[in-house]
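Right, one structure below, let's go through it.
All values below were derived from every heavy atom in this structure, side-chain atoms included, with hydrogens, water molecules and symmetry-related copies excluded. First the proteins, then the strands, lettered A, B, ... as listed; each starts at 1. Keep in mind the model is a prediction, meaning the values are calculated, not measured.
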Protein chains: 4
Amino acid sequence: MASDSSKVLGMDSTAPEEIDSEKAPPVAPFTQLREPPTTQRGARTRAALVKAARKVFERDGYLDTRLTDITKEARCAAGSFYTYFTNKEEVLAAVLLEAQEDMMHPGMGRVQGADDPYAVLEASNRAYLAAYRRNAKLMALLEQVAQVEPEFREFRRRRGDAFIRRNARGIADLQARGVADREVDPMMASRALSGMVSVMAYNAFVLSEGQEEEGAPVDFEELVATVTRLWANALRFPGHR
Amino acid sequence: MASDSSKVLGMDSTAPEEIDSEKAPPVAPFTQLREPPTTQRGARTRAALVKAARKVFERDGYLDTRLTDITKEARCAAGSFYTYFTNKEEVLAAVLLEAQEDMMHPGMGRVQGADDPYAVLEASNRAYLAAYRRNAKLMALLEQVAQVEPEFREFRRRRGDAFIRRNARGIADLQARGVADREVDPMMASRALSGMVSVMAYNAFVLSEGQEEEGAPVDFEELVATVTRLWANALRFPGHR
Amino acid sequence: MASDSSKVLGMDSTAPEEIDSEKAPPVAPFTQLREPPTTQRGARTRAALVKAARKVFERDGYLDTRLTDITKEARCAAGSFYTYFTNKEEVLAAVLLEAQEDMMHPGMGRVQGADDPYAVLEASNRAYLAAYRRNAKLMALLEQVAQVEPEFREFRRRRGDAFIRRNARGIADLQARGVADREVDPMMASRALSGMVSVMAYNAFVLSEGQEEEGAPVDFEELVATVTRLWANALRFPGHR
Amino acid sequence: MASDSSKVLGMDSTAPEEIDSEKAPPVAPFTQLREPPTTQRGARTRAALVKAARKVFERDGYLDTRLTDITKEARCAAGSFYTYFTNKEEVLAAVLLEAQEDMMHPGMGRVQGADDPYAVLEASNRAYLAAYRRNAKLMALLEQVAQVEPEFREFRRRRGDAFIRRNARGIADLQARGVADREVDPMMASRALSGMVSVMAYNAFVLSEGQEEEGAPVDFEELVATVTRLWANALRFPGHR
DNA sequence: CATGAATGAGAGTTCATTCAT
DNA sequence: AATGAATGAACTCTCATTCAT
């Protein structure tokens with residue numbers, strides 16, 4: 001069965017095609033992209049801008065970032081920004097789009113059949129949490145911007161929804177195999193449990209960041225063990241003491 | 001046992017004294033409040049400003065609110081604002097402080113002893129979710145501002161922590177009574193499960209707001225039943241079903 | 001009978017009520033004016049801005065005028081501009097509105113009955129040309145802005161139309177009295193002859209300005225005599241010479 | 001006798017040599033032209049730019065036209081513009097120069113001797129108005145740019161002056177032949193009457209453009225008849241009615 | 001010659017904060 | 001205490017012009 005996901009926190013390891021399985025068309029800043037540069041030089045500048053944008057966004061936050069901070073970081077003129085993007089939203093969309101692959105966890109995908117459900121669940125959670133930790137700054141950024149720009153709230157929602165649906169299918173499978181509590185609605189349970197894992201990830205990797213000295217330096221393996229155990233319990237996996 | 005809580009979403013039904021039981025000193029905008037007005041007229045103006053601020057914040061969001069929007073709504077001059085507050089943060093602190101009482105759920109508090117744990121849990125969740133729903137706009141505001149102003153991120157964290165600790169004590173009690181799985185760490189479990197409920201509340205009452213026509217019009221009782229069931233399962237309450 | 005007018009050059013000596021007799025509603029920048037200042041200080045600042053705007057517009061032209069040129073001239077901060085106007089168009093509208101009275105020629109109005117038509121015509125032309133000369137810089141400004149901003153093109157058109165209609169009535173009267181050629185359509189003739197006078201005025205007072213040393217320093221009385229003579233001839237006033 | 005002309009509106013049917021008969025040297029953008037392209041390819045590009053410029057200028061107006069709009073329309077790179085022109089003014093000069101021939105009316109020229117003055121005048125006016133109508137968009141452009149660029153104001157003035165002088169000669173001829181009122185100064189009368197016709201043309205073909213549905217769809221023949229009649233009357237042509 | 005990305009000065013606009021009345 | 005006009009720093013975006021390829 002698959003990993004958890006997040007309606008709230010959105011960024012995850014779902015395979016791209018699943019995300020695209022959404023019916024609704026993608027939102028503005030992701031589609032209204034300007035034409036890609038034709039020359040090599042152009043491609044280099046654009047790449048420099050996206051890279052600089054990610055760095056500055058992650059460092060200063062979306063709102064405190066001035067367009068000139070980005071161009072300064074990319075060592076190009078203020079006006080050059082507008083050759084590739086129309087505004088701050090659009091660079092951010094480019095940053096997120098570019099980071100998508102990196103946000104996918106290796107493989108996992110669909111594990112079926114005779115596999116030990118508990119082991120699969122644990123591996124899935126570990127992969128999700130590892131990916132979250134790797135991209136923690138970007139996740140923090142996405143959370144911030146989702147509070148401020150409707151387009152990105154929508155973006156986050158879609159990613160989360162894809163995850164939730166995937167996990168819901170996994171839960172339904174397990175119910176069919178008699179491994180999971182048939183009393184719970186798969187979709188509702190998926191919402192709750194996927195959300196649980198993403199909140200834990202957010203707290204551990206975003207909020208506790210730089211707070212390690214303050215006591216409990218979140219232990220990664222303990223985190224994996226806890227969420228897996230609770231998830232399994234919540235679905236009433238049998239026989240695991 | 002007590003209600004759940006939220007590290008992420010913070011606003012909850014914990015009694016005030018528990019929040020204040022934090023060791024760390026309270027944060028700036030909540031303490032550096034100006035002296036309360038001496039005259040009656042002053043008290044009236046200040047109250048009008050706080051009321052107006054809440055209305056405008058909830059309607060337009062923290063960031064899109066200009067100070068003059070607030071004074072206009074309060075029907076007073078722009079300059080008057082500075083008689084009572086030094087900036088936007090400070091009015092917001094006042095708004096939140098004033099709303100605190102209203103955010104508490106009626107009673108519930110500590111249910112002890114021979115009570116049916118499942119029933120207590122359910123009642124607690126219902127109370128929490130009802131309070132969240134009542135103050136959904138304010139919760140949305142707090143989430144937004146926590147992404148933007150460190151002082152309010154801290155405020156949210158404290159409220160969440162108090163909840164989590166309280167729920168952790170409840171879990172430990174249940175473990176002692178043999179009602180809950182002793183394998184899980186009470187604190188970790190509380191973080192996860194409290195977070196789970198708050199995410200569900202956020203999704204249902206903030207994000208889905210105005211989306212009812214789009215299909216799943218979150219059923220309140222179903223929500224209560226689901227989170228309670230998952231929570232009980234996760235802690236392996238015995239014998240139910 | 002009344003003076004000439006101009007479809008092209010618009011600004012004229014028509015009495016206000018005649019202009020308002022237009023059916024169509026007045027155009028944007030003239031109506032969407034911000035609320036007038038309540039305090040005396042505000043009134044002073046606004047007046048200073050309008051005065052400064054007129055000066056700078058007349059000196060530098062509409063297009064080359066920067067908002068800061070106006071505020072500098074008015075000795076106030078850049079931001080103060082926006083307390084009273086939303087943009088350059090709006091100050092210009094204020095300037096024109098304020099100048100309207102000044103643009104009216106003393107009286108003249110409807111001269112009726114037994115008066116010598118030629119004398120009336122001449123007095124009327126003299127008054128029109130004098131008013132034009134007095135406000136030459138403003139007329140130049142209006143011509144410029146009419147080429148650039150549709151709202152002011154419309155403004156110019158309305159003023160011109162009012163004049164043309166008035167003169168057309170005068171021509172019709174003269175035809176009825178047997179003083180004017182009945183072959184011409186009063187409206188068409190008014191368009192042509194009113195236009196003729198306004199072009200002469202524009203050439204003499206706007207284009208030839210500062211060119212006096214270059215030879216023909218337009219003689220005012222000669223101008224009056226010429227247009228009056230041509231106008232009278234064109235309508236075939238009887239018996240004169 | 002010759003056609004009318006326009007001091008204000010300048011573009012007309014005067015023969016080129018008459019324009020050049022001005023004493024003053026021609027103005028900047030018309031002389032400082034870059035060397036013509038040597039290669040065929042260069043000639044093609046230059047021609048494409050001039051053609052594109054005319055199209056875009058007429059469509060968007062001089063001020064709203066960006067250099068890149070022109071190069072885009074000409075399907076060439078932004079930089080190529082500077083191979084042939086130094087700035088916007090210079091392309092416009094090229095556009096106008098290229099259009100000159102097209103602006104001439106077929107023939108007419110000098111009609112002398114025993115011809116019926118009224119018929120000649122009418123034919124001349126018809127030719128002028130037809131040429132104006134054919135090139136209305138360009139005339140509108142010239143009016144606009146004359147308000148904004150001194151060089152083109154001068155250009156317009158010269159064209160108008162040539163016309164006025166030519167018509168003044170015609171009037172003097174008629175006075176000598178006893179056909180026209182000797183009281184009027186030929187030059188002044190020419191200014192007034194030439195201006196009259198050009199204003200009518202401007203109103204009919206530029207300002208009323210696209211306004212036909214709004215009522216009076218300027219009838220071309222009526223226009224010709226009116227201005228001819230008024231012109232003839234103004235000069236007191238004998239015998240006709 | 002052609003290309004099209006890079007440049008950067010400059011304009012408009014917003015709004016928190018101050019302060020004279 | 002209340003008022004509301006005044007302030008000016010800060011930021012975004014445009015586009016003519018240059019220049020390396």
Side-chain angles (χ1 to χ4, degrees), chain A residues 35 37-46 48-49 64-69 71 74-88, chain B residues 37-46 64-72 74-88, chain C residues 35 37-46 48-49 64-71 74-88, chain D residues 37-46 64-72 74-89:
Chain A
E35 302 177 16
T38 51
T39 69
Q40 248 197 342
R41 193 189 180 198
R44 234 182 302 128
T45 307
R46 204 198 111 107
L49 282 166
D64 289 346
T65 294
R66 315 288 151 226
L67 258 18
T68 56
D69 297 337
T71 53
R75 297 170 167 284
C76 74
S80 298
F81 181 91
Y82 294 90
T83 307
Y84 303 103
F85 311 99
T86 39
N87 50 40
K88 225 181 3 169
Chain B
T38 50
T39 71
Q40 246 202 341
R41 189 198 189 191
R44 234 183 301 124
T45 307
R46 204 198 110 105
D64 289 345
T65 295
R66 283 159 306 174
L67 258 19
T68 57
D69 295 335
I70 296 174
T71 53
K72 215 171 287 167
R75 297 169 170 283
C76 76
S80 299
F81 182 92
Y82 292 89
T83 308
Y84 304 102
F85 311 99
T86 39
N87 51 38
K88 212 166 36 157
Chain C
E35 303 176 16
T38 50
T39 69
Q40 245 197 344
R41 193 190 180 197
R44 235 182 301 129
T45 307
R46 205 197 110 107
L49 282 167
D64 289 345
T65 295
R66 314 290 150 224
L67 258 19
T68 55
D69 297 336
I70 296 174
T71 53
R75 297 171 171 281
C76 74
S80 297
F81 182 91
Y82 293 91
T83 309
Y84 303 103
F85 312 99
T86 41
N87 50 41
K88 229 185 350 175
Chain D
T38 52
T39 71
Q40 248 201 344
R41 189 199 190 186
R44 234 183 302 124
T45 307
R46 205 197 109 104
D64 289 346
T65 294
R66 284 159 307 174
L67 258 17
T68 58
D69 295 336
I70 296 174
T71 53
K72 216 171 286 166
R75 295 170 170 284
C76 76
S80 299
F81 182 91
Y82 292 89
T83 307
Y84 305 102
F85 311 99
T86 40
N87 51 40
K88 219 173 19 164
E89 287 181 43

Inset, instruction - Indicate for each nucleotide in nucleotides 13-21 of chain E, in 5' to 3' sequence, whether protein heavy atoms under 4.0 Å reach the base (B), only the sugar-phosphate (S), or nothing (-). - result: BBSSBB---

Inset, instruction - For A/Ala77 and for D/Gln40, find the nucleotide of DNA chain E with the closest heavy atom, then tell me which residue's nucleotide is more 5'. - result: D/Gln40

Legend entry - Pairwise side-chain contact, C/Leu67 with C/Tyr82, heavy-atom cut-off 4.5 Å (strictly under): yes

Inset, instruction - For the residue pair A/Leu49 and A/Cys76, establish whether any side-chain heavy-atom pair is separated by less than 4.5 Å. - result: yes

If I compare all heavy atoms of [X] with all of [Y], which pair ends up nearest, and what's the gap?
{"X": "C/Ala74", "Y": "C/Ala48", "value": "CB-O, 3.7 Å"}
{"X": "C/Asp69", "Y": "C/Asp64", "value": "OD2-O, 3.8 Å"}
{"X": "D/Thr68", "Y": "D/Ala78", "value": "CG2-CB, 4.5 Å"}
{"X": "A/Arg46", "Y": "A/Phe85", "value": "NH1-CE2, 3.7 Å"}

Legend entry - Rounded distance in Å - CG (C/Asp69) to C1' (E/dG12): 13 Å

Inset, instruction - Could you state the atom-to-atom distance from CZ of B/Arg75 to C1' of F/dG4 in whole Å? - result: 16 Å

Legend entry - Nucleotide forming a Watson-Crick or wobble pair with E/dT13, both distances under 3.5 Å: F/dA10

Inset, instruction - Could you please name the partner base of E/dA20, counting Watson-Crick and G-U wobble pairs only when both distances are under 3.5 Å? - result: F/dT3

[N] phosphate, OP1 or OP2, under 4.0 Å from [X] side-chain N/O:
{"X": "D/Tyr84", "N": "E/dA2", "answer": "yes"}
{"X": "D/Thr39", "N": "E/dC1", "answer": "yes"}
{"X": "D/Thr45", "N": "E/dA2", "answer": "yes"}

